[in-house]
Amino acid sequence: MRVLIIGSGGREHALAWAISASPLLDELFVCPGNPGTAAIATNVPIRANDIASLVAFAELERIDLVIPGPEAPLVAGIADALAIAGIRCCGPSAAAAELEGSKTFTKEIADLANIPTAAWESFSDADAAHDYIEEMGAPIVIKADGLAAGKGVVVAETLDDAHTAITAIMEDKIHGAAGTTVVIEECLFGEEISVFALCDGLDALYLGCAADHKRVYDNDLGPNTGGMGAISPPPWAPPPIIDAAMDQIIRPALAAMVARGIPFRGFLFAGLMLTDTGPSLIEFNVRFGDPECETLLPLLRSDILPVLFAAADGQLMNVDLRWKPEASATVVMCAKGYPGPYATGSEIFGLEEAGRLPGINIFHAGTMAEEGSILANGGRVLAINATGGTLGEAVGRAYAAVDMIEWPDGFCRRDIGKKALHF
Ligand code: AMP
Ligand code: GLY
């Protein structure tokens, strides 16, 4: 089988790592990839949002399956373009990717499917939005409707903060067109989890549950990031919670998408709040999480490649996955300054030695290779994953590897998994 992965982050390195272990694989390409994927696949310098070039490359190389990592090519219609070319894609059509692309759309699907979610209203008139929050009071949550690089959500503790957020998003357009419409919703309280499923239009296969660490500094301080680390399984999500998430949220969403005539295929990522009354939907993403993908795939015992094919072919009903009965932890190492401005080009030492420690997988996220050296080339630069018999062992192993990596211009959170270990 000839496979093409699209993207260049830690998630795509982890996907390439898992797929490269498959005996069914003949050739693996990554567009554009990174130095980590270069070691196990062929990197091709086509950008993840250059749909026309990606499709042309897939046709030229007679690719059997394309796996887009990030949401941008999906929202831009790569699955639709590949379908026209007769090439399988493990990812949703542009219409189905609206589950991530538009928060209003997600809320409509949630209401159609009776999915538990925060009470909400959508506004494209700023004055009406300001009036609504006066009526509802604080705390209240303001969300830019469209894609805003994970920065479009404000959990406002006070009405002043809520008004400021509406002005910034709708009037000052800090997220551009993504803020033409806002969703304003009730503030939920509880622990958060991320539940992952692989979908084939009709069926959903559970892919694991993780807890992300979104804030940049220890103790959940500082601005939000793409994710500073993740653990699995989160102790606050025992099996009945997972069953509820699959039965009350993921499967009803798939059924509602079918009813709307836009079946969902690919990775579905449900961000959930575990409230007093059960899991409540915060958001859907139409892709695997990063660093959740690096955290969950090392726990998978089954060959992932035939499963991805089955998802793309609508054949998941007979698929079963086997998992290692272990825990997993990922620590993300970032360039100093992230999520603000940061420098690139600093050298990273000690990766090989760290990678030889027990249970460790080092996934490259934002690196570049130069004359045999690995240099930083992004904000999130490395994802250091470890598995272990217990979460404590996994976390200890991950930090032992982090401590062997010499990179004075980098930093990481030192408390990944701490809340779970004290739960
Ligand atoms: P999102 O970009 O939708 O994942 O939202 C970012 C973060 O905002 C979430 O991970 C939650 O921590 C928080 N958030 C979003 N919606 C709500 C809500 N209705 N109540 C409380 N917190 C929320
Ligand atoms: N780590 C969260 C995300 O991938 O969106």
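In listed order, ligands and their atoms are each counted from 1.
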Taking [atom] as the point of reference, which of [options] owns the nearest heavy atom?
atom	options	answer
atom 4 (O) of ligand 1	Glu186, Glu283, Lys103	Glu283
atom 14 (N) of ligand 1	Val155, Asp220, Ile184, Ile142	Val155
atom 5 (O) of ligand 1	Val153, Val154, Leu281	Val153

Ligand 2 and [X], any nitrogen or oxygen pair closer than 3.5 angstrom?
X	value
Asn285	no
Asp212	yes
Arg287	yes
Gly226	yes

Pair [X] + [Y]: basic N to acidic O under 4.0 Å:
X	Y	answer
Lys143	Glu283	no
Asp415	Arg215	no
Glu185	Lys107	yes

- Query: Is Ile282 close to ligand 1, meaning an N/O of one under 3.5 Å from an N/O of the other?
  - Reply: no

| said: Below the 3.5 angstrom mark, is there an N/O of Asn224, backbone or side chain, next to an N/O of ligand 1? | reply: no

How are the rings of Phe288 and Phe196 set to each other: parallel, tilted or perpendicular (split at 30° and 60°)? tilted

Within less than 4.0 angstrom of ligand 2, does [X] place any heavy atom?
X	result
Pro291	yes
Arg11	no
Phe288	no

Just checking Asp320: does its CG atom have more than 12 heavy atoms from other residues, nucleotides or ligands closer to it than 6.0 angstrom?
no

Q | Tyr399, OH: over 12 other non-hydrogen atoms inside 6.0 angstrom | A | yes

Interfacing atoms of ligand 1 (cut-off 4.0 Å, heavy-atom, [X]):
X	answer
Met273	21 (C), 22 (N)
Lys214	10 (O)
Lys143	3 (O), 15 (C), 16 (N)
Glu185	16 (N), 17 (C), 18 (C), 19 (N)

Sidechain-backbone polar pair: [X] side chain, [Y] backbone, donor-acceptor under 3.5 Å:
X	Y	answer
Thr225	Lys214	yes
Arg380	Ala335	no
Asn34	Thr367	no

Short version for Leu188: what comes under 4.0 Å of ligand 1, heavy atoms counted, is both

Checklist entry - Going by atom types only, do Ser22 and Asp303 share a side-chain donor-acceptor pair under 3.5 Å? => result yes

Cut-off 3.5 Å, side chains only: do Thr344 and Asn377 have a donor facing an acceptor? no

Margin query: Contact between ligand 1 and Gly271 is defined here as a heavy atom of the residue under 4.0 Å from a ligand atom; is it met?
Written below: no

Honestly, for Lys214 the part within reach of ligand 2 (heavy atoms, under 4.0 Å) is neither

Within 4.0 Å of some non-hydrogen atom of Gly289, the atoms of ligand 2 are 4 (O)

To the nearest 0.5 Å, atom CG of Asp161 lies from atom CD1 of Ile140 at 12.5 Å

